[in-house]
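So the structure is just underneath, and the comments pick up after that.
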Amino acid sequence: MDNRFTVRRLPNGVTEISDPSQVHSFLVEGAERAVLIDTMVGLRGLKDLVSTLTELPVEVVLTHGHMDHAGGVYEFGACRIHPEDVPMLDGKTLPSRMGYMNGQFQAMGEPCPFSEEEFLPDCPVECTPLQGGDKLDLGGRVLEVLHVPGHTKGSLCYLDPVTGDFFAGDACNNNTLVMMDTSATVSQYLEALLALKERQGEIQQFYLFHGPSLQDKSCIDDNIQCCREILAGTDDHVPVEFLGRQGYLAKERTPGTFDRKAGRFGNIMYTRNLAK
C-alpha cells in the first residue's frame, strides 16, 4: 500500500506486514478466523490493507503495549493484551510514535516522509485481557499464548505447536531491552525464559518483530546465558545509553552493529536496578 506498508506471504497461512521503520506485524489465518499480531507504529491504512489480505474476521492481539507495536490499534478500536501492559495505551502515544519513526529515518540519513496527519491519533481502545495459557482458536488452528515477562511485565508470545510458528514480539531478540519502567527484573526474565525453553523443541519458525524477522530459536539459549551472567556479575557489562537512560549490554557488540562481537545472536540491555 503506497509507501506505508510492505507485505510478504509466508508459509502456513502467515503474512508479514512491515512499515518503513522495519517493525512487523503478522496476520495468522485459520479456517474460520484470523489474528493480527501487533499493529506497528500507527500509520493510517493498516485496517484497510488487512481487509484486502483476508476475508476472515480479524482480531488484534498484542505482544506488548509499547507504542511501536501497538500504534495501529487505534484504527481497530479493540485488542487483546496482557493486563500488565494495558496502561501503555494511555492516549498519549502519538508524539513518541512520530519520534520513533523520525528516529529510524534519521538513522538511515533520510528525512521522514510522513506528516502528523498520516499517523493515527490516539483514541479509546477496548482492551480484553490475555494471559499465559490462553488459547486462540482460529478454526482448525490454535495459537497458544505464552507469558514471557522481561522486556515488559506483560510480554506475550504466540506459538502454533502444529506448524512450529512462534511469534516472539520483543520478548527475546538481539537487543532485548530489560531497562524500562515497565520491564520485569532479570531474575523474572530468566525464569520466564527457562519456561519458554521447555517449548523450544516445538518451535520451527522463530519470528522477530524488528529487522530481519526469521531468526534461529537458539536466541532463547543466548538470552538465558546472558541472564545468568548478568546475575552472576560475569557478563561483559558494556556501558550504553538508550532513550536517555544509562544501562549495560550483557555482550559486547561489533561497533556500529547489533552483532555480538564473540558470535551468537541474543543479547540483553539492562539497568543496574533490574539486574537482580
Side-chain angles (χ1 to χ4, degrees), residues 8 10-11 14 16 18 21-24 26 63-64 66 68-69 103-104 107-109 146 148-152 155 157-159 164-180 183-243 245-272 274-276:
R8 186 163 65 113
L10 302 173
V14 176
E16 178 189 275
S18 306
S21 65
Q22 279 305 290
V23 180
H24 314 302
F26 293 87
T63 61
H64 61 296
H66 283 159
D68 54 328
H69 293 256
Q104 296 306 302
M108 296 183 289
L146 307 179
V148 187
H151 178 57
T152 69
S155 286
C157 301
Y158 300 89
L159 171 65
D165 292 317
F166 178 75
F167 304 93
D170 283 355
C172 186
N173 57 38
N174 62 342
N175 189 45
T176 311
L177 302 177
V178 186
M179 62 183 305
M180 323 295 283
S183 296
T185 65
V186 173
S187 293
Q188 291 168 328
Y189 184 39
L190 175 59
E191 182 179 358
L193 287 175
L194 291 173
L196 180 59
K197 171 74 174 173
E198 296 180 5
R199 307 298 299 273
Q200 189 178 29
E202 300 172 69
I203 298 172
Q204 299 300 320
Q205 292 76 228
F206 188 98
Y207 291 116
L208 300 184
F209 286 55
H210 293 270
S213 58
L214 187 61
Q215 296 294 340
D216 195 275
K217 62 185 178 182
S218 61
C219 182
I220 299 169
D221 302 299
D222 298 342
N223 278 13
I224 287 173
Q225 175 202 27
C226 288
C227 285
R228 285 176 167 159
E229 292 186 8
I230 291 167
L231 294 171
T234 59
D235 66 299
D236 292 344
H237 203 65
V238 181
V240 290
E241 182 178 333
F242 182 79
L243 296 177
R245 294 170 181 259
Q246 300 296 320
Y248 301 93
L249 267 176
K251 293 295 179 180
E252 187 177 0
R253 291 174 177 157
T254 300
T257 76
F258 285 94
D259 299 334
R260 278 172 50 164
K261 201 167 187 179
R264 306 296 298 177
F265 179 78
N267 207 346
I268 298 174
M269 191 181 295
Y270 66 97
T271 51
R272 191 184 302 276
L274 293 175
K276 55 186 178 181

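Excluded from the calculations below are hydrogen atoms, water molecules and symmetry mates; all remaining heavy atoms, backbone and side chain alike, are included.
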Listed partners of D221 passing salt bridge (Lys or Arg N to Asp or Glu O under 4.0 Å), at least two apart | K197
Can we call the ring centroids of Y207 and F26 under 6.0 Å apart?
-> yes
Looking only at heavy atoms, what is the nearest atom pair of [X] and [Y], with distance?
X: A168; Y: L208; result: CB-CD2, 4.0 Å
X: V148; Y: L196; result: CG2-CD2, 4.5 Å
X: Q22; Y: S18; result: NE2-CB, 4.2 Å
X: L274; Y: M180; result: CD1-O, 3.9 Å

Any [X] side-chain heavy atom under 4.5 Å of [Y] side chain:
X: V178; Y: M269; answer: no
X: Y248; Y: T271; answer: no
X: T63; Y: Y158; answer: yes
X: N175; Y: N267; answer: no
X: K251; Y: C226; answer: yes
X: H210; Y: D68; answer: yes
X: S183; Y: T152; answer: no

Please check this pair: side chain of [X] against backbone of [Y], looking for a donor-acceptor N/O pair closer than 3.5 Å.
X: D236; Y: E252; value: yes
X: D222; Y: R264; value: no
X: D235; Y: H237; value: yes
X: H24; Y: G211; value: yes
X: N174; Y: D259; value: no
X: Q188; Y: T185; value: yes
X: R253; Y: K261; value: no

To the nearest 0.5 Å, how far apart are [atom1] in [X] and [atom2] in [Y]?
X: Q204; Y: L214; atom1: CD; atom2: CG; result: 11.0 Å
X: M179; Y: R245; atom1: CE; atom2: CZ; result: 7.0 Å
X: C172; Y: F265; atom1: SG; atom2: CZ; result: 8.5 Å

Please work out whether the ring planes of F167 and F209 are parallel, tilted or perpendicular, with thresholds of 30° and 60°.
-> perpendicular
Can you say whether the rings of H64 and H151 are parallel (under 30°), tilted (30 to 60°) or perpendicular (over 60°)?
-> perpendicular
Qualifying residues under ring-ring contact (aromatic ring centres under 6.0 Å, His included), relative to Y189, sequence neighbours excluded | none
Intermediate values then yes/no, side-chain contact (heavy atoms from CB on, under 4.5 Å), I268 and L249 | CA-CA 6 Å; I268 298 174; L249 267 176; over 6 Å; no
Step-by-step side-chain contact (heavy atoms from CB on, under 4.5 Å) determination, D170 to T176 | CA-CA 7 Å; D170 283 355; T176 311; over 6 Å; no
Walk me through it: do K276 and V186 pass the test side-chain contact (heavy atoms from CB on, under 4.5 Å)?
-> CA-CA 6 Å; K276 55 186 178 181; V186 173; over 6 Å; no
Polar side chain donor-acceptor pair, R260 to T254, under 3.5 angstrom | no
Test side chain to side chain donor-acceptor pair (under 3.5 Å) on T234 and R228 and set out the steps.
-> CA-CA 8 Å; T234 59; R228 285 176 167 159; over 6 Å; no
Quick one: salt bridge (Lys or Arg N to Asp or Glu O under 4.0 Å) pairs with a partner in residues 198-220, sequence neighbours left out?
-> E144-R199, R199-E202
Check the pair L159 / I203 against side-chain contact (heavy atoms from CB on, under 4.5 Å), numbers first and verdict last.
-> CA-CA 8 Å; L159 171 65; I203 298 172; 4.0 Å; yes
Passes side chain to side chain donor-acceptor pair (under 3.5 Å), S213 versus E16? Steps please.
-> CA-CA 9 Å; S213 58; E16 178 189 275; 2.5 Å; yes
Counting only heavy atoms not in Q200, do more than 12 fall under 6.0 Å of its CD?
-> yes
